Protein chains: 2
Amino acid sequence: MTEQDNGRAKRGQRRGARGPTVADVARLAQVSPMTVSRVVNNDPKVHDTTRAKVEKAIAELGYVPNLAARSLAGGRQCRIGLLHSNPSAAYLSEFLVGSTEQANAMGAQLLVEHFEEEASRDALAAKLLSHRVDAVLLPPPLSDDVLLLECINRAGMAMAQVATGAPSPLAHAVTIDDEAAAYALTTRLVGLGHKRIGFIGGAPNQTASALRRNGYRRALDVAGIDADRRLETTGDFTFRSGMDCALALLALEERPSAIFASNDDMAAATIAAAHRMGLDVPRQLSVCGFDDTASATNVWPELTTARQPVADMAREAVRLLVDSVFDAKARTPRHVRVDFSLVLRESDASMRAS
Amino acid sequence: MTEQDNGRAKRGQRRGARGPTVADVARLAQVSPMTVSRVVNNDPKVHDTTRAKVEKAIAELGYVPNLAARSLAGGRQCRIGLLHSNPSAAYLSEFLVGSTEQANAMGAQLLVEHFEEEASRDALAAKLLSHRVDAVLLPPPLSDDVLLLECINRAGMAMAQVATGAPSPLAHAVTIDDEAAAYALTTRLVGLGHKRIGFIGGAPNQTASALRRNGYRRALDVAGIDADRRLETTGDFTFRSGMDCALALLALEERPSAIFASNDDMAAATIAAAHRMGLDVPRQLSVCGFDDTASATNVWPELTTARQPVADMAREAVRLLVDSVFDAKARTPRHVRVDFSLVLRESDASMRAS
DNA sequence: ATCATCTGCGGTAACGCTACCATTTTACAT
DNA sequence: ATGTAAAATGGTAGCGTTACCGCAGATGAT
């Protein structure tokens with residue numbers, strides 16, 4: 001008794017009151033620490049009565065499991081490397097919020113690492129390995145870097161590709177149906193009476209770009225509108241590229257009355273280009289974006305776009321990764337598809353308005 | 001011997017090879033585990049010869065300390081709550097990258113939490129406490145929420161305000177000289193020959209807003225330009241508010257030839273407003289932003305602005321926080337000022353051009 | 001020469017939790 | 001009633017690290 005108290009006091013001085021431990025809860029609930037652990041970890045082999053007692057004690061003491069101790073004892077420890085190379089800031093922001101949240105909730109550690117496309121993939125893998133990274137999270141455009149995927153796979157780490165158009169058999173993937181979203185958006189434009197609809201594609205090295213283009217083409221096809229290849233341009237998802245494409249499109253002798261850009265940044269650039277040429281949006285030109293990132297509302301008029309739930313996708317990807325690190329059965333790559341939704345704002349209008 | 005091997009094998013099955021431990025390093029270097037620990041933690045009381053031996057062994061084995069074990073044994077464990085309420089996405093993105101990086105490097109855990117201004121501050125503090133948060137990181141606009149600061153202080157957590165105009169005696173603070181930056185930018189506009197310079201202020205509840213306004217006023221004053229209060233408007237850092245203010249400014253009978261917006265989003269809105277009114281930027285209107293977030297380059301023309309090193313500021317704030325959690329002596333609030341820089345791009349031009 | 005002091009290092013005992021048995025209780029078939 | 005399995009719990013032994021104390025040997029003062 002005295003010894004115990006002594007021990008507690010000796011360490012207690014270190015940092016205020018250390019939180020309550022399983023032992024404290026166990027004492028209060030009059031069960032063994034093991035049972036408390038089981039309750040906390042949702043082990044089904046605990047009687048409901050006992051569980052209730054323990055939960056009451058937990059609530060009373062405000063007990064929170066010590067993550068450090070848990071991962072030490074469990075032998076498990078999950079580090080997830082989040083690799084990013086210049087995606088749009090708005091995209092990254094949402095992605096980071098979602099992934100950190102989920103990683104914390106699941107007791108995983110998130111290492112955020114910048115990766116330049118020119119850098120050596122092998123060096124990167126080595127670096128990740130040296131940081132004891134168990135799994136790698138790949139937002140676009142890295143989710144489409146096949147060489148990188150292979151390299152990480154060789155290094156034996158789990159992976160999750162987010163928003164890729166080409167889920168690899170080597171990795172988990174979380175995507176939306178890019179084709180369907182582009183189809184829906186283009187169809188809306190057609191429904192508004194537009195016949196000449198320009199298209200600004202994304203970076204060719206991102207597989208989602210092709211999917212969006214397919215959706216656009218299919219919508220025109222279904223609507224019985226002849227495809228005019230001069231109306232299709234290719235950017236790289238940056239504002240600047242969107243500006244160039246839009247300018248080219250608007251310089252056409254038979255100018256499009258609507259433009260579908262493959263992401264919001266390029267759509268914002270399209271609006272800027274239109275204004276630069278003295279065109280009113282949406283009266284003289286309708287514009288649609290894609291992603292519904294912050295830049296969709298940081299323009300005037302605000303963009304009609306397809307919402308991609310980036311934070312949710314990041315969360316899901318982290319979940320997949322953590323599961324496959326902790327549970328060998330969850331190791332086989334899974335492909336999760338989440339829903340997109342259309343967000344109708346003010347950048348598009350009916351043809352009659354012009 | 002056999003027993004040891006057995007033990008290793010039994011757990012080894014879980015996930016590949018667990019990394020090498022201090023014991024492994026100690027064996028190889030022929031010292032005690034304690035000495036290895038001392039080397040890793042830069043304890044000065046280690047002979048150079050020994051240190052070299054150990055370091056060689058560490059390199060050879062690719063040893064990386066187990067963070068979980070470390071924080072468990074050390075009794076130390078640092079959780080930092082990062083509270084954010086709708087700042088610009090571009091800002092948050094940079095901020096998150098910087099803070100996660102530093103937190104990982106220092107072995108702290110970062111909890112990202114969204115906080116609505118309408119929500120109860122006491123409930124928030126309780127929540128943080130229940131998550132065992134030791135310190136709180138406050139990016140704007142939360143860094144200016146005095147009630148929140150007091151509330152967190154009462155709860156006994158350390159705090160760091162980032163980019164506040166009013167460092168509290170209760171918290172660490174990392175800032176730039178907002179006044180000087182605004183002064184520099186306005187002075188540049190004056191140097192370009194502008195006499196009527198409009199101003200779009202930030203949210204009044206953020207103290208940095210007033211500082212930027214002061215800088216603007218002082219610049220005009222020093223240049224001997226009479227201040228015209230009609231040229232000063234107040235937004236709230238959002239694109240939409242910037243649009244409103246710019247529109248009002250441009251509707252003035254004596255229209256300004258330049259506008260200084262207190263952040264990039266509002267500057268982007270100003271450009272949009274100008275285009276909407278058929279004004280060319282920068283030929284007919286010069287525009288300056290503030291912060292140099294991603295939105296500065298997501299407009300055409302790209303913004304001349306004052307660069308605030310957001311990621312670095314976040315890193316510094318995390319460092320301050322972790323230090324004060326681990327070391328009682330570092331607990332007294334410190335105020336760190338980092339340098340800003342002017343980024344000259346294409347949104348401003350000499351008066352003669354018009 | 002002798003004792004205090006400091007440096008450099010090793011041993012031991014936690015830190016809070018969970019894996020892995022062992023044990024008790026309960027349920028159900030024989 | 002008895003055995004057998006399943007369910008519910010407890011005991012023990014670490015997980016990898018660091019805090020604390022202790023012990024040699026070197027250094028300096030007396």
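On a predicted model such as this, the values are computed, not experimentally measured, just so you know. Every chain is numbered from 1 and lettered A, B, ... according to where its sequence line falls, protein lines coming before strand lines. Hydrogens, waters and symmetry mates are skipped; everything else that's a heavy atom, side chains included, is used.
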Quiz item: Where the side chain of B:His47 is defined as all heavy atoms beyond and including C-beta, which of C:dC9, C:dC17, D:dT17 is the nearest nucleotide?
Solution: C:dC9

Self-check item: Separation of A:Asp122 CG from A:Cys151 SG (nearest 0.5 Å)
Solution: 4.0 Å

Self-check item: Nearest to side-chain heavy atoms of A:Arg38, which nucleotide of D:dA8, C:dG10, C:dC20
Solution: C:dC20

Self-check item: Inter-residue atom distance B:Lys53.NZ - B:Ile58.CD1, 0.5 Å rounding
Solution: 13.0 Å

Quiz prompt | Candidate nucleotides C:dG16, D:dG11, C:dG11, ranked by approach to the side chain of B:Ser32 - the nearest | solution = C:dG11

Exercise. Could you tell me the separation between the CD atom of B:Gln30 and the P atom of C:dG10, rounded to a whole number of Å?
Key: 11 Å

Quiz item: Out of D:dT18, D:dT17, C:dC17, which has the shortest distance to the side chain of B:Ala69?
Solution: D:dT17

Quiz item: A:Lys45 NZ to C:dT24 P: how many Å, rounded?
Solution: 18 Å

Quiz item: Hey, are B:Ser85 and B:His114 close enough side-chain-wise for a donor-acceptor pair under 3.5 Å?
Solution: no

Quiz item: Rounded to whole angstroms, how far apart are CZ on B:Arg70 and C1' on D:dA19?
Solution: 14 Å

Quiz item: Closest heavy-atom contact between B:Val54 and B:Val36?
Solution: CG1-CA, 4.1 Å

Practice problem: Ignoring hydrogens and angles, tell me if any N or O in the side chain of B:Thr35 forms a donor-acceptor pair with the backbone of B:Val31 under 3.5 Å. | Solution: no

Practice problem: Carefully, step by step, assess B:Glu113 and B:Lys127 under the rule salt bridge (Lys or Arg N to Asp or Glu O under 4.0 Å). | Solution: CA-CA 10 Å; B:Glu113 197 80 50; B:Lys127 188 174 179 187; 2.9 Å; yes

Quiz item: Nearest to the side chain of A:Met34 - D:dC20, D:dG10, D:dT17?
Solution: D:dG10

Exercise. Look at the side chain of A:Leu72 and decide which nucleotide, out of D:dG16, D:dG10, D:dT18, has an atom nearest to it.
Key: D:dG16

Exercise. Taking only the side-chain nitrogens and oxygens of A:Asn66, find out if one of them lies under 4.0 Å from OP1 or OP2 of C:dC15.
Key: no

Exercise. Choose from D:dG10, C:dG10, D:dA7 the nucleotide whose nearest atom is closest to any side-chain atom of B:Thr35.
Key: C:dG10

Exercise. Report which part of the nucleic acid A:Val31 touches: base, sugar-phosphate, or nothing (heavy-atom distance under 4.0 Å, all strands).
Key: sugar-phosphate

Quiz item: Separation of B:Asp48 atom CG from C:dG8 atom C1', in whole Å?
Solution: 12 Å

Practice problem: Using a strict 4.0 Å threshold on nitrogen-to-oxygen distance, state whether B:Arg331 and B:Asp323 make a salt bridge. | Solution: no

Quiz item: A:Asp43 has an atom CG; how far is it from atom C1' of D:dA8, in whole Å?
Solution: 10 Å

Quiz item: Looking at residues 50-65 of chain B, who's got a heavy atom less than 4.0 Å off DNA chain C?
Solution: B:Thr50

Exercise. Take atom CG of A:Asn41 and atom C1' of C:dG16, then tell me their distance rounded to the nearest Å.
Key: 13 Å

